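Here the structure comes first, spelled out in structure tokens, and everything after it is commentary.
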Amino acid sequence: MSEAIPMDSHFIPLVNKLAGHRVLCIGDVMLDRYIYGQVERISPEAPIPVLRMQREAITLGGAGNVVRNIVSLGGQVDLIGVVGQDQTGYDLASQFAGLSQVTPYLLTDNSRPTTLKTRYVADGQQLLRADFEVSQPISEDMEQQIMLRVRGALDGCNVVILSDYAKGVLTPRVVAEIIKLAKEKNRRILIDPKGRDFVRYLGASLLTPNRRELAEATGSAIKNVEDAERAALQLIKTYQLEGVLAKLGADGVCLVMKDQPACHFRALAREVFDVSGAGDTVVATLALGLAGGLPVADSAALANIAGAIVVGKIGTAAVTREELLRELMHDQARQSEEKIVGIVQATEMAERWRKQGFKIGFTNGCFDLLHPGHISLLRQAKAACDKLVVGLNSDESVRRLKGESRPVQNETSRATVLASLADVDEVVIFGEDTPVNLIKAIRPAVLVKGADYSLDQVVGGDLVQSWGGQVVLAKLVDGHSTTATIARLKDGKKAVG
């Protein structure tokens, strides 16, 4: 059973580690052409819409879109692909020429056209896609030319991507030889696969199939994450892979590595405008993460976010590091809001955490005007457990304990500040004078209070010890208290007056 992995603040500094690495990308390059317009009537000749064309745009597609994403994330690329001797091939070469971080090796094959996909779009919706292409395998001579370029480029690259769109470039011979060479050079090889027969991918590092590709390759229905995990394990065993990153659309991505627990990264909630090329974004981000030395799980997490960003754009698009950072920071703020829960939700989450093997810690207080003493307490509390729940006195509770002039900040403000801290996993506001009922509900394994208390003074300490838990007294930071801070502020006002 895979574990759902949330996004947290540790992903933010990882984004910059995507930059500066060179990737070798081999595959089916193509040109994507978009014709935009308006539909105002139905044709009198047939029951079809009439598109009044207004503008058109061309962009790199297929393996070319993988390249665009690598470049926009700060990477460099050696690209090997095949084009025809035609205007589309010329236009495609011109697109690559505008990318200084790309070294393109475009081989010309007079027997085939350059793949062109033309999409007709009105009001943000595709009306029709027309493809001009051939899919027969390239010749033996062209295979040899590709392998010659691969041998020349492999030493200078950190990771290899095969972008397979089943247009005939990645023949079984080419794929097998590239996998063999990559292994000899100790390079990871990522494959965005196509078709039903994955035998030609035997021995690859990672495959990144979507839901349909995973289902077709294994003959299994992929209705949920558990189905995807079982199918991925089947692929790993059958084709001697290191792992599979299954792209599941609205269900996010599921990472399954050989002999390791599976990880599920949920899809980010956002409006989907166009899924064209999202798989290219995922494999590009994954490759750069691995090239930058990130763990596979962290690379997959960033790839999932990048894919979610790109489906919110119109057309085949790329993602930048700045967009990734903005999304991560927005997600961190969203998670902070989700940390503030009621006692019922806190109880349910605590039970879920226990079943997952996490040690639950608890501490409580008013936390009015957060200061270094509070931060030290929370840091020590988190160090003693896996998941830290903070019980926060309500405004009424604080007034009863501290007087009518307190709290300085209301419970919403205090909870928001606490929830923004990485050490805090959950904040629960309670209205009683003590958190004993909250402790009974959550049943923490660790109860943490400041060392200004003795063990027998800690509310709920006897309860926690009765079910086998422990009470930890955290070291205090001298010279910090909310009461003293308020007193100094009052004294300052008097002096000014």
Side-chain angles (χ1 to χ4, degrees), residues 3-10 261 332 335-336 338-368 370-394 397-398 401 411 414-478 480-482:
E3 178 189 348
I5 309 296
M7 296 296 102
D8 58 43
S9 57
H10 99 272
Q332 186 179 4
Q335 285 186 39
S336 295
E338 293 172 353
K339 288 181 183 179
I340 305 169
V341 300
I343 188 169
V344 174
Q345 188 176 349
T347 304
E348 293 172 352
M349 183 59 74
E351 186 60 31
R352 194 174 306 144
W353 283 337
R354 266 189 293 274
K355 288 180 178 178
Q356 293 173 344
F358 294 122
K359 180 189 286 187
I360 300 169
F362 180 87
T363 191
N364 67 279
C366 301
F367 296 99
D368 197 11
L370 206 67
H371 54 67
H374 292 138
I375 300 298
S376 176
L377 169 70
L378 295 169
R379 189 163 294 153
Q380 291 177 68
K382 179 65 173 182
C385 65
D386 300 310
K387 299 291 184 180
L388 178 61
V389 180
V390 178
L392 180 67
N393 290 81
S394 68
S397 176
V398 174
L401 295 171
E411 60 194 46
R414 290 181 288 125
T416 301
V417 172
L418 284 170
S420 70
L421 301 177
D423 288 329
V424 176
D425 295 291
E426 208 167 57
V427 180
V428 188
I429 300 171
F430 64 93
E432 301 88 356
D433 290 344
T434 74
V436 66
N437 290 330
L438 185 53
I439 292 170
K440 287 179 181 177
I442 293 173
R443 294 177 64 86
V446 182
L447 179 59
V448 182
K449 288 296 287 184
D452 50 341
Y453 288 82
S454 60
L455 287 175
D456 61 323
Q457 292 177 318
V458 177
V459 173
D462 55 337
L463 285 170
V464 173
Q465 290 173 329
S466 73
W467 54 64
Q470 65 178 128
V471 178
V472 174
L473 299 180
K475 296 179 181 178
L476 298 179
V477 177
D478 294 333
H480 296 285
S481 78
T482 301

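Not measured: the values here are computed from a predicted model.
Distance alone, capped at 3.5 Å, places no donor-acceptor pair between the S376 side chain and the G373 backbone. Between the side chain of K387 and the backbone N or O of K382, no donor-acceptor pair lies under 3.5 Å. A donor-acceptor pair under 3.5 Å is absent between the side-chain atoms of W353 and the main chain of D386, judged by distance alone. Judged by distance alone, with hydrogens and angles left aside, the side-chain atoms of S394 form no donor-acceptor pair with the main-chain N or O of I429 at under 3.5 Å.
Across every non-hydrogen atom of V428 and G342, the tightest pair is CG1-C, 4.1 Å. The two residues A451 and L476 have their closest heavy-atom pair at N-CD2, 3.8 Å. Contact record, L438 with G391: CD2-CA, 3.9 Å, taken as the closest heavy-atom pair. Taking every heavy atom of both residues into account, D423 and R379 meet most closely at OD2-CA, 3.6 Å. Listed here is the closest heavy atom pair of D433 and L401: O-CD1, 4.0 Å. Residues Y453 and L473 share a closest heavy-atom pair of O-CD1, 3.5 Å.
Inter-residue side-chain proximity for V436 and K440 is flagged as met; some heavy-atom pair is nearer than 4.5 Å. Contact annotation: the side chain of V389 never approaches that of D425 to less than 4.5 Å [non-hydrogen atoms, C-beta and beyond]. Side-chain atoms of C385 and F358, non-hydrogen and from C-beta on, never get closer than 4.5 Å to each other. L370 is listed as a side-chain neighbour of I375, based on a closest heavy-atom distance under 4.5 Å. You'll find the side chain of Q465 reaches within 4.5 Å of the side chain of V471, heavy atoms only.
Every residue two or more places apart in sequence or in another chain was checked for a side chain to side chain donor-acceptor pair (under 3.5 Å) with T434, and none qualifies. Taking T347 as the reference, nothing meets the side chain to side chain donor-acceptor pair (under 3.5 Å) condition, with sequence neighbours excluded.
Sorted by first and then second residue, the salt bridge (Lys or Arg N to Asp or Glu O under 4.0 Å) pairs involving residues 341-358 (not counting sequence neighbours) are E351-R354.
With rounding to the nearest 0.5 Å, the separation of CD1 in I439 from CH2 in W467 is 7.0 Å. Summarising the geometry, atom CD1 belonging to I340 is positioned 11.5 Å from atom CZ belonging to R414; distances are rounded to the nearest 0.5 Å. Atoms CG and CG, from L455 and L447 in turn, are 10.0 Å apart once rounded to the nearest 0.5 Å. Interatomic distance, L392 CG to F430 CZ, rounded to the nearest 0.5 Å: 7.5 Å. One finds the CG atom of N393 at 9.5 Å from the CD atom of E432 (value rounded to the nearest 0.5 Å). The distance from atom NZ of K359 to atom CG of L388, rounded to the nearest 0.5 Å, is 13.0 Å.
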Item to complete: List the steps, then state whether side chain to side chain contact (heavy atoms under 4.5 Å, CB included) holds for V341 with V427.
Response: CA-CA 6 Å; V341 300; V427 180; over 6 Å; no
Worksheet item: Could you walk me through whether V390 and F367 pass the side chain to side chain contact (heavy atoms under 4.5 Å, CB included) check?
Response: CA-CA 10 Å; V390 178; F367 296 99; 3.6 Å; yes
Fill in: V472/Q470 under side chain to side chain contact (heavy atoms under 4.5 Å, CB included): CA gap, chis, key distance, verdict
CA-CA 6 Å; V472 174; Q470 65 178 128; 3.9 Å; yes
Worksheet item: For N364 and K449, what are the C-alpha separation, side-chain angles and deciding distance, and is it a side chain to side chain contact (heavy atoms under 4.5 Å, CB included)?
Response: CA-CA 8 Å; N364 67 279; K449 288 296 287 184; 3.7 Å; yes
